[in-house]
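What follows is a structure written as structure tokens; I'll ask about it next.
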Amino acid sequence: MPPGLGNQFMRIFGIVALGAALGGCASSSADITPAYVSPVAYQTYTCQQLALEAQSISTRAATLSGAQDSQRTKDGWATAAAVVVFWPAAFFVSGDTQTAAELSQMKGQMVAVEQASNAKKCGIQFQGPRPPGT
């Protein structure tokens, strides 16, 4: 092997490993977009039923957001360890999971409940950052 080729190979390998690790990190809960949920599913609900459903969805979404952000933090630490200390740590970066998919569904249900609430003039609105589409 010509002199310096080994160093160049290791540098390129390191860049590729870093890119793979960073690409596999879990998304922030705020970056997860809502899945489409038709408001027709809530069309027959009364305002009281919509309020109860909104409370249930909100509680589940908050739990999922915390779990998703926790996974993002863990992935960030694993990536830092991979870059600084031990490259095989990159294999512990799990990325987006079922939690992200379920959170997307909950956000979609929030949008659908608000749309149904608006149609019935119930006045239900979720607090916090507004999901796209509301």
Side-chain angles (χ1 to χ4, degrees):
M1 196 180 282
L5 189 58
N7 287 340
Q8 187 177 11
F9 173 77
M10 289 304 289
R11 197 172 305 144
I12 291 171
F13 178 75
I15 291 169
V16 169
L18 174 62
L22 292 176
C25 286
S27 301
S28 167
S29 63
D31 294 337
I32 295 175
T33 57
Y36 176 74
V37 175
S38 175
V40 172
Y42 299 104
Q43 197 172 34
T44 61
Y45 283 42
T46 65
C47 287
Q48 183 178 8
Q49 289 171 320
L50 284 171
L52 290 172
E53 186 70 8
Q55 185 176 14
S56 173
I57 292 168
S58 180
T59 300
R60 182 68 183 141
T63 301
L64 290 168
S65 290
Q68 184 68 22
D69 289 339
S70 175
Q71 184 59 50
R72 180 175 170 82
T73 300
K74 289 176 189 172
D75 284 356
W77 282 109
T79 301
V83 172
V84 176
V85 180
F86 185 61
W87 68 266
F91 295 110
F92 295 107
V93 176
S94 62
D96 283 337
T97 61
Q98 182 63 30
T99 303
E102 192 175 349
L103 180 56
S104 176
Q105 182 68 24
M106 290 295 108
K107 286 184 173 187
Q109 287 181 335
M110 287 177 169
V111 172
V113 166
E114 278 193 358
Q115 290 172 345
S117 169
N118 290 341
K120 292 180 177 276
K121 299 185 184 345
C122 298
I124 297 170
Q125 290 187 329
F126 290 94
Q127 300 299 311
R130 307 298 301 157
T134 60

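What's counted below: heavy atoms across the whole structure, side chains too, no hydrogens, waters or symmetry copies.
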**Item:** Minimum heavy-atom distance Ile124-Ala54, with the two atoms named
**Value:**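 Where Ile124 meets Ala54 most closely, the heavy atoms are CG2-CB, 3.9 Å.
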**Prompt:** Can you name the side-chain hydrogen bond (donor to acceptor under 3.5 Å, both in side chains) partners of Glu102, sequence neighbours left out?
**Reply:**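 Scan of Glu102 (side-chain hydrogen bond (donor to acceptor under 3.5 Å, both in side chains), adjacent residues dropped) gives Arg60.
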**Message:** Is it the case that over 12 heavy atoms from other parts of the model lie below 6.0 angstrom from the CD atom of Gln49?
**Reply:**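 Check passes, neighbour count above 12.
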**Message:** Going by side chain to side chain contact (heavy atoms under 4.5 Å, CB included), name the residues that satisfy it together with Glu53, two or more places apart in sequence or in a different chain.
**Reply:**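 Testing Glu53 for side chain to side chain contact (heavy atoms under 4.5 Å, CB included), a comparison that skips the adjacent residues, returns Tyr42, Tyr45, Ile57, Val113.
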**Asked** Of the non-hydrogen atoms in Ala112 and Pro39, which two are nearest, and what is the gap between them?
**Response**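 So the minimum-distance heavy-atom pair works out to O-CB, 3.7 Å.
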**Message:** When you measure from the side chain of Lys120 to the backbone of Gln43, do you find a donor-acceptor pair of N or O atoms at a distance under 3.5 Å?
**Reply:**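 Yes, the answer is positive, given that a donor and an acceptor are paired below the 3.5 Å cut-off.
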**Gap separating the CE atom of Met106 from the OG1 atom of Thr59, nearest 0.5 angstrom** =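 That separation rounds to 11.0 Å.
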**Message:** For Ala61, is there any backbone N or O sitting under 3.5 Å from a side-chain donor or acceptor partner on Ser65?
**Reply:**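 Here the side-chain-to-backbone pair exists.
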**Asked** Would you find a donor on one side and an acceptor on the other, under 3.5 Å apart, between the side chain of Thr99 and the backbone of Ala67?
**Response**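 No, the answer is negative, given that no donor and acceptor are paired below the 3.5 Å cut-off.
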**Asked** Hey, is the main chain of Ala35 close enough, under 3.5 Å, to the side chain of Lys107 for a donor-acceptor pair?
**Response**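 Pair absent, no side-chain N/O of Lys107 close to backbone of Ala35.
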**Request:** Quick one: pull up CD in Gln68 and OG1 in Thr63 and give me the separation to the nearest 0.5 Å.
**Result:**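 The distance works out to 13.0 Å.
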**Request:** Say whether, by atom type as modelled, one donor and one acceptor occur between the side chain of Ser117 and the main chain of Gly123 under 3.5 angstrom.
**Result:**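 Yes; at least one donor-acceptor contact below 3.5 Å.
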**Request:** Report the distance from atom CG of Leu52 to atom OG1 of Thr46, rounding to the nearest 0.5 Å.
**Result:**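 Taking CG in Leu52 and OG1 in Thr46, the distance rounds to 8.0 Å.
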**Asked** Hey, are the side chains of Gln115 and Val111 touching, using non-hydrogen atoms and a 4.5 Å cut-off?
**Response**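 Heavy-atom side-chain distance check passes, below 4.5 Å.
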